[in-house]
Every structure is written in structure tokens, then in C-alpha cells.
Enquirer: 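Here you go, one structure.
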Amino acid sequence: MTIHPLSVKNLTVRYGGRAALDNFSWDAPERGLAAIVGPNGAGKSSLLKAVLGLVPKAAGRVEIFGKPISEQRDLIAYVPQRASVDWDFPATAGDVVAMGLYRRIGWLRPVRAADHAAARKYLDMVRLGDFADRQIGALSGGQQQRVFLARALAQQAKLFLLDEPFAGVDAVTEGVMTGVFRELRNAGSLVVCVHHDLSSVQEIFDHVVLLHREMIASGPVGTTFTPENISRTYGVPLALNPGNG
Amino acid sequence: MISFLQIDLPAMLVGTLAALVCALIGNFLVLTRQSMLGDAMGHVVLPGIVIAFVLAGTTATWVMLTGAFAAALFSAMLVEFFRRVARIEASAALGSVFTAMFALGVLLLERTGVARTTFDVHHILFGNIETAIWPAATGVASLFDPTALASLPPQLGRLAFGLAVVALVVVLLFKELRVISFDPDFARTVGIPPQIIGAVVVTLAALAAVVSLSAVGAILLVAMMVCPPATARMLTDDLKTQVWLSLLFALASGVFGYAIAVLVPLAFGYEISLGAAGTIAVLSGLFQLVAMLFGLKRGLPKLT
């Protein structure tokens with residue numbers, strides 16, 4: 001039996017009485033680039049957050065490489081939506097990337113010069129090597145997104161979970177990120193992105209999950225990302241959920 | 001010289017140490033958008049201090065701290081209860097709990113009679129630095145005389161203890177404080193729980209409030225916590241530099257604020273008497289105003 005990087009079983013997430021995600025199950029592929037797509041409010045971000053334990057699960061189970069996330073934090077890297085943090089925070093690009101090393105640095109220990117040097121190496125990988133000392137608020141949106149990606153690379157994870165990494169970024173950033181994702185795939189990692197832009201799914205990803213509060217379809221992009229499945233995900237009017245009042 | 005040692009030095013130290021401990025933890029209150037929590041802490045600890053004093057009959061540091069922490073903890077639970085069970089919006093819950101707790105403290109002060117013997121309501125509200133005196137000082141030699149040092153105002157010991165604890169925790173948890181302030185969700189995914197680090201910040205804010213309350217007063221406390229970090233933020237984009245600068249501004253406010261309070265009446269007559277707590281807070285505010293007006297942001301190099 002294969003051990004999936006991510007295995008979600010019967011996951012339900014509720015906010016108040018409303019189910020944001022309903023009885024969702026997915027065994028992710030061993031490696032590659034997977035997109036989670038679906039309309040606004042379909043529960044894409046809720047899925048990532050529930051997988052990471054950032055929002056409580058109303059029901060269901062999540063396993064990372066066969067174990068609960070609390071035992072597998074070294075194997076995952078999370079990139080939240082860029083808009084979820086205050087970029088006016090007093091920090092440089094290097095400071096933020098170094099946060100990806102905090103777990104290895106360990107509790108109560110300071111960030112040292114060697115850590116900053118390592119952070120710079122990860123900034124180089126997203127072509128921001130010269131921006132290590134730049135205040136994060138002075139970076140463009142695309143550059144900020146790449147700083148977040150560099151922070152995730154610093155974590156040296158096997159499973160990458162990214163929330164809308166392509167939202168509102170420039171062409172250079174899109175190219176850099178796609179290149180990095182392919183390298184991660186070649187290195188045997190799984191990259192899962194919540195993704196908004198249907199037109200670029202085929203070009204960037206090899207697996208897709210179509211989500212609309214419940215699982216609509218999942219599998220290789222070639223066979224799963226079909227007009228029928230897409231219209232089932234987006235075209236059907238929002239179903240009322242009488243059971244959840 | 002002797003009068004400086006007996007009167008001005010202890011008072012200046014009390015004012016400055018209070019400004020330093022408040023500013024240090026204030027950096028993280030401002031960064032986590034909890035500035036009003038500092039204000040709340042200054043208010044909620046009052047009933048705890050009064051009850052602890054009535055029960056134990058002493059103003060010993062550990063008694064005051066225990067009472068204050070019990071009150072802070074009780075208030076924090078009450079705020080959470082209001083938010084979750086009664087579904088009251090966070091700032092409204094905080095606002096109602098801290099004013100009610102403070103009012104309870106004032107009532108207890110009046111009813112238990114300690115307002116006449118141990119605590120002065122006016123001092124609790126507006127602070128009192130001038131009564132920190134060192135009558136045992138007879139000259140510079142007293143600074144090295146253990147017997148004379150033992151009779152330094154007890155406030156000084158409390159403030160030094162509070163500053164040492166806050167400084168130690170900030171140094172040890174600096175990167176954890178940085179990551180939970182910037183990106184709490186990410187922090188959680190790397191095993192640094194923002195709730196626990198946040199609780200440490202609240203606890204340190206309570207400690208800072210308790211040790212400085214008698215010096216700066218409940219109302220001016222928030223100025224001491226918020227102004228120096230906010231001023232420092234105008235001048236730098238580096239967190240470490242910001243913390244050091246905020247301490248520099250706190251130091252300057254403490255020393256010059258006290259000097260103004262002493263020198264203005266000397267120069268212009270004693271009918272213009274100024275409370276040092278007030279001048280220190282006003283000076284903190286003035287620094288911030290000047291920093292904002294000149295917009296000196298990014299003017300200083302990064303400290304590493």
C-alpha cells in the first residue's frame with residue numbers, strides 16, 4: 001500500500017452552522033503539481049487550513065505521509081495567501097525567509113549570520129538574491145509572493161501547500177514559480193496549490209481537484225479537467241444545504 | 001549632591017525604569033495590534049492588588065504580583081467568555097471588562113479603607129514618581145554601601161525585577177515573537193503556537209503594568225507602552241533596531257521628563273508644579289509627533 005503525502009478522509013469543516021467543506025476525501029498523488037480549483041466560497045482555503053490544523057475539523061481525518069500533522073511538521077511547508085499578512089511589518093526579505101528555518105534553529109535560539117546566509121541562498125532560487133536586505137513593504141506583489149515561496153523552500157519540505165500563489169503576480173514571478181515547482185516535482189515533492197485561474201491549469205499542473213464544498217472530481221489534468229467536470233463545479237447553481245440549517 | 005541622591009536620583013530611576021519596561025513589551029503589543037491591551041492591563045490589575053493587600057496585609061512584590069496576575073487572568077477569561085458565549089465583539093468585551101474591573105478596584109480602595117493608608121487613588125490614576133526617595137543616602141559613597149542601598153524605595157526593586165524578566169523573555173523568544181506577530185498561521189504550521197506566545201505577551205504586559213502602576217498610573221500607562229515603539233517604528237524598518245530605539249526614547253522620556261518636572265518649577269516658580277509621570281508621558285507623545293512630522297522612516301541603518 002502506498003503512503004500518500006496527503007490523505008484526507010471524510011473531512012467536514014463548519015463555520016457556525018454552515019458547512020464550508022462537506023465530507024471531502026482525497027488521496028493525493030505521490031509527487032507532482034496539484035491544483036485545487038473551484039468557485040469562490042467552495043472551501044478551497046478551508047481545506048488547506050483544516051489539513052494544517054488552522055481551523056477545527058467538524059469531522060474526518062487528515063494524514064501526512066501516514067501520520068497526523070503534529071508528528072509531520074518537518075515534512076510540510078505552508079504558504080498562506082499573500083494578503084493575509086501585513087507587509088508593512090518591520091522585516092526584510094531575508095528576515096521573512098529565515099522564518100522557514102526557525103523550526104530547525106529550535107526554541108529559544110537566536111537567528112544567526114549563518115541562517116541569514118542560508119536565507120539568501122533560498123532567495124537566489126526565486127531570483128531575489130539581491131533583495132535580502134530590502135524591506136518587505138518595498139517589494140512588488142510578485143516579489144512578496146516569491147519571498148513567501150523562498151520561505152517555504154527554506155523549510156526543505158516534501159509536501160508544499162500554497163494558497164493562491166499565482167493571484168495577482170507578474171509574468172516574471174509566474175515563470176520563476178512554475179520553474180521552482182517543476183524542480184520540486186523532479187526532486188520527488190508534491191506541490192498542492194489552491195488555484196483561481198482556470199486558463200492556466202493545464203499549462204502548470206498535472207493533477208487537479210475540482211471542489212465545490214464537496215469533491216466533484218480529482219485525477220490527472222488530462223482526464224479530469226474536462227468541460228463536463230468544470231461545469232459541474234462552476235455551472236450548477238449553489239445548492240442549498242437544508243440539513244445544515 | 002546629597003539632595004540629588006536622596007530625591008532626584010531615585011525618582012528619576014523609577015520614572016525611567018517604568019518607561020523602559022512598558023516600552024519594551026509595548027513593541028509587541030503594537031505589532032500584534034493589541035495596544036489597548038496594555039491600557040486594559042493597567043486597569044484590571046487594580047482590584048487584584050487591593051484584594052491581595054487586604055488579604056496578605058503587605059505590599060511585598062510577590063503579593064502584589066500574585067493579586068495582579070489573578071485579576072489579569074480572571075479578566076482575560078471574562079473577555080473570552082463575553083466573546084464566545086455572549087458573542088460580544090472583542091473590543092467591546094475588552095472595554096467593558098477593563099472599566100468594570102477598574103471601577104471595582106476603586107470601590108474596594110474606598111470601602112476597605114486602604115485608600116487612606118496605603119494607596120492613593122490619585123496616584124493610581126495619574127502616577128506618582130516624586131515620593132520615591134532615598135533618605136539613607138549621605139553621599140556618593142552610599143551608592144556602594146549595602147546598608148544604604150537596602151533602603152532604596154521598594155518600587156525600584158520591583159521595576160528592576162520586572163524589566164529583567166521582560167528583557168530575558170524578549171531576548172529568548174525574539175524570533176518566536178517576530179513570527180507570531182508577522183504570520184501567526186505560518187507560525188502554527190512550524191509548531192510555534194501563537195496562542196501560547198500571545199499569552200506570554202499578555203502576561204509580560206500584566207507584569208509591566210503591575211510594576212509601573214504606582215509610578216506612572218493607570219491612565220498614563222498606555223502612553224508609556226505605545227508611544228516609544230510607535231516613535232521607533234517611524235524611524236526604522238528593522239524590528240531589532242525598533243526595539244532598541246524604543247528603549248532609547250523611553251530612556252530619554254524618563255530622564256528629560258523628570259528633569260522638566262523638576263526644573264520648570266525651579267525656573268518659573270513653584271505655582272507651576274508638574275507631575276513627573278505627566279511630563280514623561282507628554283514627552284513620549286511629543287517624540288512621536290516629531291518623528292511623524294519629519295517622516296524619518298528608513299533613515300537608520302540596520303543593526304545586526
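So you know, we letter chains A, B, ... as the sequences are listed, proteins then strands, and number each from 1.
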Enquirer: The test is side chain to side chain contact (heavy atoms under 4.5 Å, CB included); show your working for A:H116 and A:D95 and say whether it passes.
Expert: CA-CA 7 Å; A:H116 278 290; A:D95 289 333; 3.3 Å; yes

Enquirer: Can you classify the ring geometry of A:F181 versus A:F166 as parallel (below 30°), tilted (30 to 60°) or perpendicular (above 60°)?
Expert: perpendicular

Enquirer: Heavy-atom distances under 4.5 Å only: say whether B:F182 touches chain A with side chain, backbone, both or neither.
Expert: both

Enquirer: Looking at A:Y78, A:Y102, A:W87, which has the largest count of heavy-atom pairs under 4.5 Å with chain B?
Expert: A:Y102

Enquirer: Heavy-atom distance under 4.5 Å to chain B: side chain of A:L161, backbone, both or neither?
Expert: neither

Enquirer: Any donor-acceptor pair under 3.5 Å linking the side-chain atoms of A:Q155 with those of A:Y122?
Expert: no

Enquirer: Determine the interplanar angle of the B:F249 and B:F287 rings, folded into 0 to 90°, and report it as parallel if under 30°, tilted if 30 to 60°, perpendicular if over 60°.
Expert: tilted

Enquirer: Sort A:V96 into side chain, backbone, both or neither according to what part of it lies under 4.5 angstrom from a heavy atom of chain B.
Expert: side chain

